[in-house]
Each structure stands twice: as structure tokens, then as C-alpha cells.
**Student:** 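First the structure, then my questions, so here it is.
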Amino acid sequence: MDNLKVAEILEEIADMLDIKGEKYKPRAYRRAALSVRSLSEDIKKIKERGELKEIPGVGKAIEGKIEEILESGSSKYLDDLKQEIPVDVDSLLSVEGVGPKTIKTLHEKLKVKNIDDLEEAAKNNKIRDLGGFGKKSEQKILENIDFARKSKGRFILGYIEPIVKNLKNKLENFQYVEKVEIAGSFRRRKETIGDIDILVVTKRPTEVMDFFTTLDDVDGIIVKGDSKSTVRLKEGLDCDIRVIDNKSFGSALLYFTGSKQTNIEMRKISIKKGLKLSEYGLFKGEMQIAGETEEEVFQKLGMKYIEPELRENRGEIEVSLEGKLPKLIGYNDIKGDLQMHTKWSDGVNTVEQMAKAGKDLGYEYIAITDHTGSLRIAGGLNEKEIKRQMKEIDKVNQKINGITILKGVEVNIQSDGKLDVSNKLLEELDIVVASIHTGFRQTKEKMTGRIISAMENENVNIIAHPTGRKIKERKAYELDFDKILKKSKETNTFLEINSYPIRLDLNDINTKRAIESGCKLAINTDAHSTNHLRYMELGIATARRGWAGKKNMINTLPLKKLRKILEK
DNA sequence: GCCGTTTTCGGCCCGACTGTTTTCAGTCG
């Protein structure tokens with residue numbers, strides 16, 4: 001699948017055009033990139049059908065560029081732009097607070113081309129002397145460089161998910177492959193992935209390796225052998241494939257799934273029992289006593305089976321030995337999605353389309369929660385528009401059977417903690433989701449205060465993406481999380497696990513904290529198109545990584561019970 | 001560069017926030 005590659009090139013073009021000071025072209029490229037990224041189908045197939053222009057935001061010019069990328073792997077237009085402005089735009093933009101104008105100035109005045117140059121300029125206090133910059137901006141750049149560097153080289157789980165599944169599918173369908181499993185952090189459902197580990201069972205390793213290393217997803221071969229090969233995929237991440245004996249498949253899966261620390265702990269337990277655990281199996285002396293399945297290994301070690309999402313050495317080993325692991329929420333336990341957007345604000349589909357898509361997923365209910373007033377960029381609805389939308393929802397509810405559409409909003413918590421919709425109107429809605437979209441740089445006390453005051457509003461049911469972090473983009477804002485948890489319980493205001501690939505907010509660790517303090521949560525997708533509804537799986541994975549069960553969530557409840565719990 | 005139940009050409013969701021400013025520019029969403 002080349003979807004991601006196409007999207008990334010289009011985005012890079014947008015960045016370059018931004019720096020050149022173009023006004024509307026970047027927006028056009030970015031819109032097209034966004035559409036391509038959220039496609040669930042291989043873009044090549046769309047091209048073969050001649051339907052590229054059906055993709056929202058793709059017109060004649062961008063269609064041509066997509067075709068060029070699919071045929072040649074690159075875009076001459078982008079290459080020319082890069083020659084014109086020889087700057088590592090992607091990495092510089094990843095530093096928060098640095099945008100196109102700053103890059104342009106720093107390049108022209110200080111010859112800054114990459115993060116290293118930027119760091120040097122900041123450390124030598126050269127930036128503060130430029131017009132429009134001061135001590136504070138220089139300091140902030142330095143602080144944010146560190147964060148940008150750390151998140152480099154890892155890939156967002158939700159974005160590479162379709163690619164990995166597609167790879168697995170191709171292998172499964174290859175005649176000589178008997179078994180195939182993806183291991184590594186992908187299997188643990190970590191929010192970012194460094195590389196992909198694939199295990200296969202086959203009697204014909206040479207043929208399998210030949211097949212795998214010549215797939216069109218492969219950009220280049222790093223090593224190739226009969227038992228292990230490594231390739232670089234077109235998306236830029238490395239992928240290992242290993243041929244495993246069936247009798248060792250379970251122990252190999254255990255070993256290559258990790259985490260490293262979990263493996264070390266389990267080997268210690270084996271030693272204590274006079275056994276030896278390796279990727280080849282569990283051994284008593286020379287004799288293999290387990291290894292074909294993971295379950296068998298756990299059992300022989302006197303442990304309860306630990307789900308991959310829990311294997312982070314965060315106490316799961318001890319609990320497993322005691323036989324007291326929690327029953328995790330299942331991937332089919334969600335009864336409805338409580339945050340999504342439509343054409344009314346910044347989504348791309350209609351209320352009816354979202355409802356039908358929700359119904360196709362087997363949901364009992366969904367909530368439509370478009371942005372409100374003050375968030376103009378996202379097409380925030382004013383009170384008149386909200387009322388009109390409520391009428392539309394009534395109509396769609398009458399038209400479609402088998403799913404209930406709840407009327408909601410994602411109301412904006414402003415910098416003073418007030419909401420930008422009147423209480424009178426909020427009262428009329430079935431559900432109110434509140435969240436922060438502006439003013440992230442206030443003090444910990446102020447940020448906490450804003451969320452607390454939203455929670456104290458008796459109409460607010462859910463705090464969406466509570467910490468505001470964006471993976472690889474932005475740290476969470478400072479919060480007194482204990483205070484928030486306490487208030488959540490006290491006011492029956494539920495925290496969200498936002499399933500959007502770059503959000504996953506609450507994250508696994510905060511989820512665990514929340515449920516340990518007895519808070520209930522909601523897992524929502526924040527979908528901006530019907531395609532995004534599939535992200536629910538990522539939110540559930542995050543919940544599982546946070547040790548959460550079905551009972552810890554509100555949207556595992558049937559509609560009647562949900563309505564009751566939303567009464568506050 | 002895209003797009004059209006106010007347009008096939010002329011618009012293109014723009015407000016909050018911060019840090020640098022004496023009235024605004026840049027970034028972010």
C-alpha cells in the first residue's frame with residue numbers, strides 16, 4: 001500500500017509551499033493528503049479504476065502528482081521545491097513553536113538547515129537578536145528540540161496498521177506459509193512502533209523469503225537469509241521476518257513480542273523453577289517441555305496467560321503468578337461511539353452517513369458531537385446551527401432503524417474555563433463532550449482549573465482528550481491529574497480515551513491510574529469521517545494496555561443504562 | 001489548487017494565544 005507514502009509527499013509539498021509564502025495551495029495539498037491518509041482502500045486500486053478525482057480534495061493537478069508518485073515513487077515538483085529551499089523542513093517543523101515563517105527567517109539570516117543548526121543557533125544566543133524573536137522564544141525552541149528528537153524514527157500505530165495487516169494478509173495467502181504472526185511492539189499495541197517483527201512457519205523458507213523480499217511494499221533489502229531477512233519498507237520503517245519451527249512458535253512469539261523487560265522477568269522465573277526459557281522453547285535440561293504455544297509456556301511456569309497489551313513489566317508478572325489478572329475489555333465490547341464530527345463542522349460526512357456506518361459496525365448508538373462557536377477554524381456551530389442540527393438528527397433517527405443517534409456537541413473550554421455554549425442549550429442535548437483546544441500554555445493550576453470548572457457544569461458528561469498531548473507533536477499540558485480524577489468521580493464526569501491515532505489520550509498509564517481511582521471512562525474515536533470509525537480498535541487497545549475492563553467503560557453499556565448514567 | 005442548492009471564477013471556516021510588540025506577527029487548531 002502506497003497510501004501513506006503519497007500522503008506524506010503531499011504533506012511535504014504543502015510544507016514547502018508554506019515556507020514559500022503560498023496562501024491557498026498548501027491548504028489544498030494538505031486537504032488531499034488528509035483524505036488519502038484516511039482511505040481504507042489501497043490507492044493504487046482507486047487509480048486503476050480511474051477514480052482518483054473522487055477523493056475529496058483531489059483535482060486535476062494533484063491527481064497527476066499522485067499518479068507520478070505511484071509510478072515513480074517520487075514527485076518532481078517536490079524535488080524542485082527541495083532544491084529551491086534546501087532545508088530539512090519536516091524535522092524543523094516537528095519542533096513545536098517553529099513554523100514556516102520562522103524556518104524561512106532562520107534559513108535566510110542564520111543558514112539554519114536542520115535541527116542541529118537550530119540547536120547551535122539557539123545555544124549561541126543568535127536567535128534572540130533577530131527581529132521578532134526574544135529570549136523566551138529562544139528558550140522555548142531549545143526545550144522543544146529535545147522532545148522533537150526523541151519522537152523521531154518511530155511510527156504511529158494507527159497509521160501503519162493497514163500496511164502491516166496488508167503484509168500479513170499477503171503472507172497468509174502465500175502457498176508455502178503455514179502460520180504467520182506479527183510480534184513486537186505492534187502486537188503489544190504500543191502507540192508508536194520502531195520496526196515490525198513477523199514470524200512465519202514454513203517448510204520452504206527460501207521461497208517465502210524470495211516472495212517477501214520482492215513484494216512491492218519493499219523499498220530495499222538490508223539482509224536476506226533463509227532464517228531471517230530484514231527489509232526497509234517504502235514507508236521508511238524496517239521489517240524483520242523470521243522463519244520459526246512450529247514446535248518453537250509460541251516461545252518465539254513470546255520472545256519477539258517482548259517487552260524486553262518482561263522477557264527478562266520471565267526468564268528469571270524459569271531459572272527459579274530449574275528451567276530455561278528462550279525463543280526456542282521452555283527446557284528442562286535438554287528436553288523441551290513447552291513452546292508450541294504461548295499458553296503452554298505460561299502454564300508450565302505456573303502463570304496465568306498475559307495478554308500482549310499488558311506485557312510491559314508494569315506489575316503484570318506478579319499478578320499473573322498470583323492468578324489475579326484483570327479481565328480486559330474485549331475488542332467487540334463497545335456498544336456505541338460517543339464522539340464524532342460531521343459536515344456541520346469539520347467532518348466530511350453527513351449525520352446520516354455516520355449513523356449508517358455506526359450501524360454497520362454493530363453499534364447500538366452513536367453521538368454526534370460537532371465543534372462549537374469559538375472554534376471557528378473547525379467550523380464551530382453557533383446556537384442556531386446546533387438547534388438546526390438537532391432537528392436533522394430527529395429526522396435521521398426516524399429514518400434509520402437499528403441505531404440511535406444521540407444529540408451532542410464538543411463544546412470548547414475557553415481560556416477562562418467557561419464554555420462557549422449556553423447552559424440552556426446544553427441542557428437540551430443528550431450528551432455534552434467538553435475539551436480544550438486553545439491556550440495550552442497556561443500554568444498547571446489554570447489548566448487544571450479550567451477542566452475542573454467544566455466538570456462542575458452539570459451538563460458536561462465527558463472531558464475529551466483530557467491531556468491534550470499529540471504523539472510526536474506535542475507534550476501533554478501540565479495537569480494536577482489526581483485532582484481531576486477526584487472531581488471526575490465526584491461529579492460523574494467521564495474522562496475519554498480518544499482513539500484518534502495521534503491522540504490516544506488518555507494514554508495507557510493515565511487510563512490505569514484513572515480506573516485504579518474508580519473513575520469510569522469512555523472510548524471514542526473523534527471520527528471526522530466514516531473511515532475514522534475504525535480507530536475505535538486503537539482506543540480499546542489503549543484501554544487494555546491500561547488494564548481496563550468492560551465494566552470501567554460507559555459506552556459498553558446498553559443505551560438505556562447509558563442514558564441513566566449521563567443524567568449526572 | 002480545489003470547488004460550486006448563493007459561483008466554472010473568485011473565493012477559500014478565522015479566532016485564541018503568546019511573545020514580541022506600542023498595534024502586530026507567527027503559530028496552532
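Quick caveat, the model's predicted, so the values are computed rather than measured. Numbered from 1 within each chain, the chains take letters A, B, ... in sequence-line order.
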**Student:** Is the closest basic N to carboxylate O distance between A/D15 and A/R30 below 4.0 Å?
**Tutor:** yes

**Student:** Between A/R30 (CZ) and B/dC13 (P), how many Å, whole number?
**Tutor:** 14 Å

**Student:** On a whole-Å scale, what distance lies between the P atoms belonging to B/dT18 and B/dC12?
**Tutor:**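 Per the computed distance, 28 Å lies between those P atoms.
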
**Student:** Given B/dG19, B/dT27, B/dG1, which nucleotide is nearest the side-chain atoms of A/K101?
**Tutor:** B/dT27

**Student:** Quick one: pull up NZ in A/K487 and CD1 in A/I484 and give me the separation to the nearest 0.5 Å.
**Tutor:** 10.5 Å

**Student:** Which nucleotide wins on minimum distance to the side chain of A/Y24, given the candidates B/dC12, B/dC28, B/dT20?
**Tutor:** B/dC12

**Student:** Please give, in whole Å, the distance from B/dG15 P to A/D346 CG?
**Tutor:** 16 Å

**Student:** Quick check for you: among B/dT20, B/dT18, B/dA16, whose closest atom lies nearest to any side-chain atom of A/T438?
**Tutor:**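 Closest of the options to the side chain of A/T438: B/dA16.
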
**Student:** Please give, in whole Å, the distance from B/dG19 P to A/I127 CD1?
**Tutor:** 16 Å

**Student:** What's the closest nucleotide to the side chain of A/R27 if the choices are B/dC12, B/dC2, B/dC17?
**Tutor:**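 Nearest to the side chain of A/R27 among the choices is B/dC12.
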
**Student:** Tell me what A/P100 touches on the nucleic acid: a base, only sugar-phosphate, or nothing, going by heavy atoms under 4.0 Å.
**Tutor:** sugar-phosphate

**Student:** Want to settle it: does A/I103 or A/R450 sit nearer the 5' end of DNA chain B, counting the closest nucleotide to each?
**Tutor:** A/R450

**Student:** Which one is paired to B/dG10, where only Watson-Crick or G-U wobble pairs with both distances under 3.5 angstrom count?
**Tutor:** B/dC3

**Student:** State plainly whether the residues A/K82 and A/E12 are in salt-bridge range, i.e. N to O under 4.0 Å.
**Tutor:**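 A salt bridge links A/K82 with A/E12.
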
**Student:** Could you measure between the two C1' atoms, the one in B/dT8 and the one in B/dG15, and give it in whole Å?
**Tutor:**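 About 32 Å, rounded to a whole number of Å.
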
**Student:** Quick one: label A/S345 by what it contacts on the DNA or RNA (base, sugar-phosphate, nothing), any heavy atom closer than 4.0 Å.
**Tutor:**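 Result for A/S345 = nothing.
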
**Student:** Between B/dG26 atom P and A/E96 atom CD, what is the distance in whole Å?
**Tutor:** 18 Å

**Student:** Indicate, with a heavy-atom threshold strictly under 4.0 Å, whether A/E22 touches base, sugar-phosphate, or nothing.
**Tutor:**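 It contacts nothing in the nucleic acid.
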
**Student:** Starting at atom CG of A/N382, determine the distance to atom P of B/dC14, rounded to an integer number of angstrom.
**Tutor:** 14 Å

**Student:** Closest nucleotide of DNA chain B for A/K25 versus for A/T102: which of these residues is on the 5' side?
**Tutor:** A/K25

**Student:** What integer distance in Å separates A/L92:CG from B/dG26:P?
**Tutor:**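 My rounded result for the distance is 17 Å.
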
**Student:** Rounded to whole angstrom units, what separation is found between the NE2 atom of A/H437 and the P atom of B/dC13?
**Tutor:**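 A/H437 atom NE2 is separated from B/dC13 atom P by 18 Å.
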
**Student:** Mind telling me if B/dT22 is syn or anti? Syn here is a glycosidic angle within 90° of 0.
**Tutor:** anti

**Student:** Check whether any side-chain heavy atom of A/K234 sits under 4.5 Å from a side-chain heavy atom of A/D2, and report yes or no.
**Tutor:**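 A side-chain contact under 4.5 Å exists here.
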
**Student:** From B/dG19, B/dC2, B/dT18, pick the nucleotide closest to the side chain of A/R441?
**Tutor:**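 Of the options given, the side chain of A/R441 lies nearest B/dT18.
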
**Student:** Quick one: A/Y29 OH to B/dC12 C1', roughly how many Å, whole number?
**Tutor:**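 It works out to 16 Å between those atoms.
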
**Student:** With rounding to whole Å, what would you report as the distance between B/dC13 and B/dC3 at their P atoms?
**Tutor:** 13 Å

**Student:** Under 6.0 Å between ring centres: does that hold for A/H437 and A/H465?
**Tutor:**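 Between A/H437 and A/H465, the centre distance is under 6.0 Å.
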
**Student:** Under a 4.5 Å cut-off applied to non-hydrogen side-chain atoms, are A/I43 and A/I66 in contact?
**Tutor:**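 A/I43 reaches A/I66 side chain to side chain.
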
**Student:** Less than 4.0 Å between a side-chain N and a carboxylate O, is that true for A/K20 and A/E22?
**Tutor:**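 Not counted as a salt bridge, because no side-chain N and carboxylate O are separated by less than 4.0 Å.
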
**Student:** Would you mind telling me which of B/dC2, B/dT18, B/dT27 lies closest to the side-chain atoms of A/A28?
**Tutor:**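 Comparing B/dC2, B/dT18, B/dT27 against the side chain of A/A28, the answer is B/dC2.
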
**Student:** Contact class for A/K60 vs. all strands (heavy atom < 4.0 Å): base, sugar-phosphate, or nothing?
**Tutor:** sugar-phosphate

**Student:** The side chain of A/K65 is closest to which nucleotide in this list: B/dC3, B/dG1, B/dC17?
**Tutor:** B/dG1

**Student:** Counting heavy atoms from C-beta on, name the nucleotide in B/dT27, B/dG19, B/dG1 closest to the side chain of A/K140.
**Tutor:** B/dG19

**Student:** Closest to the A/S415 side chain: B/dG26, B/dG1, B/dA16?
**Tutor:**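 Of the options given, the side chain of A/S415 lies nearest B/dA16.
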
**Student:** Over all strands shown, is A/K135 touching base, sugar-phosphate only, or nothing at heavy-atom distances under 4.0 angstrom?
**Tutor:** sugar-phosphate

**Student:** Let's see if you can work this out: which of B/dC2, B/dC17, B/dT20 has an atom nearest to the side-chain heavy atoms of A/K136?
**Tutor:** B/dT20

